[in-house]
Enquirer: 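Take this structure first; my questions come after.
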Amino acid sequence: MYKAKAYSAASATSALASTVIPRREPTSRDVQIEILFCGICHSDLHQVRDEWSGAIPTTYPCVPGHEFVGRVTKVGAEVTKYKTGDIVGVGCISDSDRTCPHCRAGFEQFCPDMTWTYNSPDKHKTAPVTYGGYSESIVIDHDCVLRIPTNLNLAGAAPLLCAGITTYSPLRRANVGPGMKVGVVGLGGLGHMGVKLAKAMGAHVAVFTTSESKRKDALRLGADEVILSRSKEEMAKHTGTFQFILDCVAAEHDVNAYLQLLDLNGKITLVGAPESPLSLSAFALLFGNKTLSGSIIGGIAETQEMLDFCGQHNITADVEVISIQQVNEAYERMLKSDVKYRFSIDMASLKP
């Protein structure tokens, strides 16, 4: 093992603070990565504060970070896809069994033996759980390492490893493309990526927002129109006109209002995760053969496909670059939606 500088939370009520963590020496299958930029996902805050204790209890110390890019510093003897100096990325998945039906189908995120990049039992026994990207370096199995297109800004590319694939995967499953009218509910870290990706796929994109102040930014990001969801008149104008709606809202909201806007066989996919159960009208689904589904990240191959697509269309997240010393302030600002649209930590700030 070797030691790496990092930021961790010691408990659900403590601030993130500087620490030193163990990392395993690379095995023959591993890639060692110097982390350059790490995005801050809202789930980092949830896990640091143990707010998902009913589903994913947090083990402390917790080192968050599951959307990061870096430079390869060492590779194992069996690694042929990467070499020292390559710019790569890592998302939410750091390992899977590769043999289950889900893995063989390319859905490693549903593998029963999948290892999250942080807060999962560490199969290598380096620590009780895996430690994530709020660190100067990491060692990852080469099957879970992804190549970053050389034309992308690295600070903006880091959030693609979570926010990017979270929105790309349901858009691709819905075969979003020219001639389709696509709605994006909520213009935040996920929603702004949904707008960019759906527009690049050729769809007519409408953003639903509760705030008139977001209209200008939605149009800048590529939306063709903006609909104020609090206006019954505006919503009514679009009844039965959408083929697909991507719901990115993590707060309680009325999903039935959006079901009314779907065309025949239309679909809504949830990528936000409200804490309270949503109220659903069966009739809103029955009349029109409508579908309501959920989606979580994507498999390794699909994540690489997403990165290549972003490279082709020069798509990155809109980020505010911060130092690691500002991470606690960033968490408080994130709670107030005071960021456009993702924080990206410059991990060089972790060095002396």
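Starting from 1, each residue takes its place in the sequence as its number. Worth saying up front: this structure is predicted, and the values here are computed from it rather than measured. No hydrogens, no waters, no symmetry mates; every other heavy atom, side chains included, goes into these values.
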Enquirer: Can we say Asp141 and Arg98 salt-bridge, meaning some charged N sits less than 4.0 Å from an Asp/Glu carboxylate O?
Expert: yes
Enquirer: Could you check whether atom NZ of Lys237 has more than 12 heavy atoms from other residues, nucleotides or ligands sitting under 6.0 Å from it?
Expert: no
Enquirer: Without swapping roles, check the side chain of Glu225 against the backbone of Ala206 for a donor-acceptor pair under 3.5 Å.
Expert: no
Enquirer: Answer yes or no: is there an ion pair linking Lys351 with Glu34, defined by an N-O contact shorter than 4.0 Å?
Expert: yes
Enquirer: Is the Lys NZ or Arg CZ of Lys181 less than 6.0 Å from the centre of Phe242's six-membered ring, within 45° of the axis?
Expert: yes
Enquirer: So, the side chain of Lys196 versus the backbone of Thr316: is there a donor-acceptor pair under 3.5 Å, distance only?
Expert: yes
Enquirer: Verify the cluster assignment for Leu197 and Phe244: are they in a single hydrophobic cluster under the rule of side-chain heavy atoms below 4.5 Å apart?
Expert: yes
Enquirer: Given side chain to side chain contact (heavy atoms under 4.5 Å, CB included), test Thr19 with Lys5 step by step and report yes or no.
Expert: CA-CA 6 Å; Thr19 189; Lys5 295 175 183 176; over 6 Å; no
Enquirer: Can you list the steps and then say if Gln109 with Ile93 is a side chain to side chain contact (heavy atoms under 4.5 Å, CB included)?
Expert: CA-CA 7 Å; Gln109 72 270 37; Ile93 304 169; 4.0 Å; yes
Enquirer: Quick test of your reading: applying salt bridge (Lys or Arg N to Asp or Glu O under 4.0 Å), list the pairs with at least one residue in residues 36-64, sequence neighbours left out, ordered by first then second residue.
Expert: Arg49-Glu332
Enquirer: Would you call Arg147 and Asp86 a salt bridge, taking side-chain N to carboxylate O under 4.0 Å as the test?
Expert: yes
Enquirer: Starting at CD1 of Ile268, measure out to CG of Asn256 and round the result to the nearest 0.5 Å.
Expert: 8.5 Å
Enquirer: Judged by atom type as modelled, is there a donor-acceptor pair below 3.5 Å linking the side chain of Tyr60 to the main-chain atoms of Val48?
Expert: yes
Enquirer: Is Lys290 paired with Asp263 through a side-chain N to carboxylate O contact shorter than 4.0 Å?
Expert: no
Enquirer: Give a yes or no on whether a salt bridge exists between Arg220 and Asp318, defined as a side-chain N under 4.0 angstrom from a carboxylate O.
Expert: yes
Enquirer: Less than 4.5 Å apart, any side-chain heavy atom of Val182 and any of Ile245?
Expert: no
Enquirer: Nearest 0.5 Å please: distance from the OG atom of Ser135 over to the CD1 atom of Ile324.
Expert: 9.5 Å
Enquirer: For His238 and Ile227, what are the C-alpha separation, side-chain angles and deciding distance, and is it a side chain to side chain contact (heavy atoms under 4.5 Å, CB included)?
Expert: CA-CA 9 Å; His238 298 273; Ile227 302 166; 3.5 Å; yes
Enquirer: Under a 3.5 Å cutoff, is there a donor and acceptor pairing between the side chains of Glu108 and Ser96?
Expert: no
Enquirer: Give a yes or no on whether the backbone of Leu187 and the side-chain of Lys214 come within a donor-acceptor separation of less than 3.5 Å.
Expert: yes
Enquirer: Under 4.0 Å between a side-chain nitrogen and a carboxylate oxygen: does that hold for Arg342 and Glu320?
Expert: no
Enquirer: So that I know where these two stand, are Phe37 and Phe68 an aromatic pair - ring centroids less than 6.0 Å apart?
Expert: no
Enquirer: Measure centre to centre between the rings of Tyr341 and His192, then say whether the value is under 6.0 Å.
Expert: yes
Enquirer: Between the main-chain N or O of Pro57 and the side-chain N or O of Asn119, is there a donor-acceptor pair closer than 3.5 Å?
Expert: yes
Enquirer: Enter the distance from Gln326:CD to Ser349:OG here, rounded to the nearest 0.5 Å.
Expert: 8.0 Å
Enquirer: Would Tyr331 and Tyr118 show up in the same hydrophobic cluster when neighbours are defined by side-chain heavy atoms closer than 4.5 Å?
Expert: no
Enquirer: Apply side chain to side chain contact (heavy atoms under 4.5 Å, CB included) to the pair Leu36 and Arg71, showing each step before the final yes or no.
Expert: CA-CA 7 Å; Leu36 301 176; Arg71 182 180 294 108; 3.8 Å; yes
Enquirer: Is the side chain of Thr117 donor-acceptor paired with the backbone N or O of Cys92 at a distance under 3.5 Å, no angle test?
Expert: yes
Enquirer: Between Gly222 and Val195, what is the shortest heavy-atom contact and its length?
Expert: C-CG1, 4.0 Å
Enquirer: Do Phe343 and Val319 come within less than 4.5 Å of each other through their side chains, counting heavy atoms only?
Expert: no
Enquirer: Are Ile165 and Phe107 grouped together when hydrophobic residues (ILVMFWY) are joined by side-chain heavy atoms under 4.5 angstrom apart?
Expert: yes
